[in-house]
Amino acid sequence: MLLAAYTLWSREIVRFYRQRSRIVGALGTPLIFWVLIGSGLGQSFQAAPGVPLQGGYLEYFFPGTLALILLFTAIFSTISIIEDRQEGFLQGVMVAPVPRMAIVLGKILGGTTLAVMQGVIFLALAPLAHVHLRDFGDLAYLVVFVSFGLTGLGFLMAWLFDSTQGFHAIMNLVLFPMWILSGALFPAAGAAGWVRAIMLVNPLTYGVTALQELLLNQATAWPSLDVCLAVVGGFAILTLVAGAILVAKKAN
Amino acid sequence: MTGPPALDISHLSYTYGDRRALDDVSLQVAPGEIFGLLGPNGGGKTTLFRIVSTLLPIQQGSVRVFGDDVASQAAAARRRMGVVFQSPALDIRLTVLENLRHHGHLYGLHGATLRDRMADVLARVRLQDRARDLVQTLSGGQRRRVEVAKAMLPNPALLVLDEPSTGLDPSARRDLGDDLRGLRDRAGTTVVLTTHLMDEAAGCDRVAILHEGRLVALGTPAALTAEVGGDIVQITTREPQALAEAVRARFAVEPRIVDGQLRIERPRAHEFVPQLVEAFPGAIDAVTFGKPTLEDVFVRHTGRRLE
C-alpha cells in the first residue's frame with residue numbers, strides 16, 4: 001500500500017520537473033494577477049476600519065494569491081488523470097493488485113507536494129508585501145491541507161469527467177468562482193447577502209480566512225482560526241475518502 | 001494438468017446499454033497455452049479483455065484466473081496477471097527503467113529483487129541498451145516490447161494482451177510473437193491475446209473466434225481449418241448473384257457471396273477450377289484457390305470477412 005502510494009507520488013514529482021512550463025504556469029499566472037490586480041485596485045481599496053494594512057491591497061491580496069497558486073498547481077496535476085485513465089499509465093495502475101486508496105493517496109499527495117512547493121516559493125516574497133510570516137506550525141498545516149483538499153477536489157472532478165474540455169468547463173464554472181468567493185479578492189463583510197451565504201458554505205473560504213488571519217495578523221470574529229483549521233482538515237479527508245470510493249466503484 | 005485452468009470463463013455476458021457486447025461466452029485456457037481470441041473489431045474481444053483484466057465489472061457469468069474469481073478475489077487475480085493494453089500504458093516522459101520501477105513497486109517488488117527482475121525482463125525483450133532513455137524516444141515496436149517487459153516484471157502466470165500487434169510493422173510483429181513463445185517455453189507463462197489478424201491467430205496453440213459477442217468456433221488452427229471442406233475457390237465477377245445460381249445448378253456446390261466475391265469450398269480444387277472457367281467463359285474475371293486459412297473458418301461461421 002505505502003510502496004504503491006509512494007511510487008505514484010514520486011512519478012508526479014518527476015513528471016512535474018520534466019515539464020518546466022507547468023512551473024511557470026502555476027506560479028507565474030497568480031503572480032501576474034497579484035501584481036496587476038493588487039496594484040490596479042490599490043488606490044480604490046479601503047481596508048475595513050481598525051484593520052492595519054501597511055501594504056494596501058497588495059497586502060490584502062497576498063493570502064488570496066497564495067490560495068490561487070495552490071489551486072492552479074492542484075488542478076494542473078490532476079488534469080492528467082483524464083487522459084491517463086482512458087489510455088495511458090493509469091490503466092496499468094488500475095489492474096495492479098494495489099488497494100484503491102493507495103492510488104488516490106499517491107496521486108493526491110503528489111499534487112499536494114507540488115502545490116506546497118509552489119506555495120513556499122511564493123511565501124518567500126512575503127516581505128515585498130509587508131507580510132510578516134508567523135505561526136509556522138499553523139501556516140504549514142494550512143498550506144498542506146488546503147493543497148490536499150484542492151488536489152482531492154481536482155481528483156474527484158477529473159475522475160468524473162471523460163474529457164479535458166469538460167474539466168476546463170468545471171474549472172471555470174466551479175473552481176475559479178470558488179476561489180473568487182473565498183475572501184481571496186474581497187472580504188465577506190462587505191459583500192451582498194447571497195454572496196456572503198455562498199462564501200459561508202465554500203470550504204476554501206475557511207482556508208483563505210485562516211491564511212489571512214495568520215499572514216495579515218488580523219483576528220476575525222467568525223470563523224475563528226480553530227474552526228477554519230478544522231474545516232480545512234475535514235474537507236481534505238472528505239475528498240480522500242470520496243476519491244477512494246469513486247475509484248473502487250469504477251471497476252469491481 | 002490437475003490444477004485449475006489458467007483462465008476459466010463461464011457464461012459471460014456483457015451489455016453496454018442496449019448493445020450486447022458479449023453473449024454467453026464460455027471457454028477455458030490451459031496453463032502454458034498460447035491462446036488467441038480472433039474476431040473483427042467490435043466483435044467483443046476487447047470487452048472480454050477488459051473484463052478479464054478487471055477494468056470492467058462482471059455483469060453476468062464468471063471469470064477465474066488460476067481459480068481466483070476476478071470479481072470477488074480481484075486482488076489475488078490481479079497478482080497472477082500481467083496485462084498489456086492496446087493503447088500504450090507507458091509514461092512517455094519517464095525512462096524505460098523508471099516505468100519498470102513504478103510498475104514493480106505497484107506489484108510489491110523493490111530493492112535488489114526489483115533490480116534483478118528489471119535486468120531480466122529487459123534482456124528478454126533485448127532493450128538493455130535503451131534502459132535509461134525516455135520512452136518518447138523509442139519506436140513503436142520498442143515501446144510495445146517495453147510494455148511486454150513491464151507486464152512480465154512480477155513474473156505473472158498469465159499474460160493477457162489486447163491487440164498486441166497494433167501499429168507494429170511485420171518484422172516487429174514476428175519479433176513479438178517470438179518473444180511470447182520464448183516466454184511460454186522458458187517460464188511456462190500462459191498467454192492470452194486478442195487479434196483481428198489471422199496470421200497472428202494461426203501462431204497460437206488454440207484459437208477462439210468471437211463474432212458479435214458470441215463464441216462461434218474454438219480449437220487448434222489445424223482443427224479449425226480442417227473443418228473447412230478441402231480447398232477454397234474465390235471468384236471475382238461482375239454479377240455474383242447470377243453466377244452463384246448458375247454454378248449451383250451446374251455443379252453440386254453451395255457458393256457463398258462474400259464482399260461481392262463467390263467463395264466455394266471444394267476438395268481437389270485444381271481439378272474443379274478448369275471446369276469452372278470453361279463452363280462460364282466471360283462471366284469470370286479472376287479465380288484464385290488455396291488451402292483454407294482461419295479467415296475461411298471465420299467466413300464459414302459468419303458469412304463475412306474478418307476485416
Side-chain angles (χ1 to χ4, degrees), chain A residues 1-23 76-107 109-110 114 159 162-163 244-252, chain B residues 49-59 63 65 68-95 98-111 114 134-136 146-147 150-151 153-154 156 158 160 162 166:
Chain A
M1 158 101 180
L2 286 179
L3 191 60
Y6 157 78
T7 208
L8 293 174
W9 169 82
S10 69
R11 169 179 177 248
E12 292 296 315
I13 312 296
V14 169
R15 274 171 68 92
F16 187 79
Y17 280 99
R18 293 205 180 141
Q19 291 173 274
R20 297 294 153 97
S21 59
R22 280 175 62 188
I23 308 178
F76 287 144
S77 64
T78 51
I79 205 161
S80 65
I81 289 173
I82 296 166
E83 294 129 15
D84 247 21
R85 188 162 60 109
Q86 298 297 329
E87 46 179 280
F89 186 81
L90 210 58
Q91 295 178 104
V93 177
M94 292 300 291
V95 301
V98 293
R100 309 291 102 171
M101 180 63 104
I103 298 175
V104 184
L105 194 64
K107 196 83 190 170
L109 280 181
L114 300 175
W159 199 269
D162 284 345
S163 67
I245 293 171
L246 207 59
V247 172
K249 237 174 80 174
K250 167 76 181 172
N252 298 318
Chain B
F49 165 84
R50 292 180 81 83
I51 294 174
V52 169
S53 65
T54 75
L55 278 179
L56 282 178
I58 299 262
Q59 288 176 346
V63 175
V65 176
D68 288 325
D69 190 285
V70 296
S72 61
Q73 294 152 292
R78 284 175 181 140
R79 209 164 289 125
R80 296 179 181 281
M81 245 187 301
V83 181
V84 178
F85 299 92
Q86 183 177 358
S87 56
L90 297 173
D91 191 330
I92 59 165
R93 293 200 179 83
L94 301 182
T95 66
E98 284 169 335
N99 269 288
L100 291 179
R101 190 176 307 126
H102 284 307
H103 194 73
H105 286 163
L106 292 174
Y107 284 77
L109 298 171
H110 54 90
L114 177 56
L134 291 180
V135 170
Q136 59 189 350
V146 178
E147 302 256 14
K150 185 176 116 162
L153 194 62
L158 171 66
V160 289
D162 190 19
T166 301

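In what follows, every chain begins at residue 1, and chains take the letters A, B, ... in the order their sequences are listed. Keep in mind that the numbers below use all heavy atoms, side chains included, and drop hydrogens, waters and symmetry copies.
The shortest non-hydrogen separation linking A:Pro97 to B:Ala75 is CB-O, 3.6 Å. When all heavy atoms of A:Gly92 and B:Ala89 are compared, the closest pair comes out as N-CB, 4.3 Å. The shortest non-hydrogen separation linking A:Ala4 to B:Leu106 is CB-CD2, 3.9 Å. Nearest heavy-atom pair, B:Leu109 versus A:Leu3, reported as atom, atom and distance to 0.1 Å: O-CD2, 3.8 Å.
B:Leu134 touches chain A through its side chain: at least one heavy atom from C-beta onward sits under 4.5 Å away, while N, CA, C and O do not. The contact between B:Glu98 and chain A is made entirely by side chain atoms (from C-beta outward), counting heavy-atom distances below 4.5 Å.
Remark: B:Asp91 engages A:Arg11, A:Arg15 in a salt bridge (Lys or Arg N to Asp or Glu O under 4.0 Å) (not counting sequence neighbours). Every residue meeting the ring pair (Phe, Tyr, Trp, His ring centres under 6.0 Å) condition with B:His103, not counting sequence neighbours, appears here in chain and number order: B:Tyr107.
Taking 4.5 Å as the limit, some side-chain heavy atom of B:Leu94 sits within range of a side-chain heavy atom of A:Arg18. Using a 4.5 Å cut-off on side-chain heavy atoms (C-beta onward), A:Ser10 and B:His102 make contact.
Atom-to-atom distance recorded for B:Lys150:NZ and A:Phe89:CZ is 6.0 Å, nearest 0.5 angstrom.
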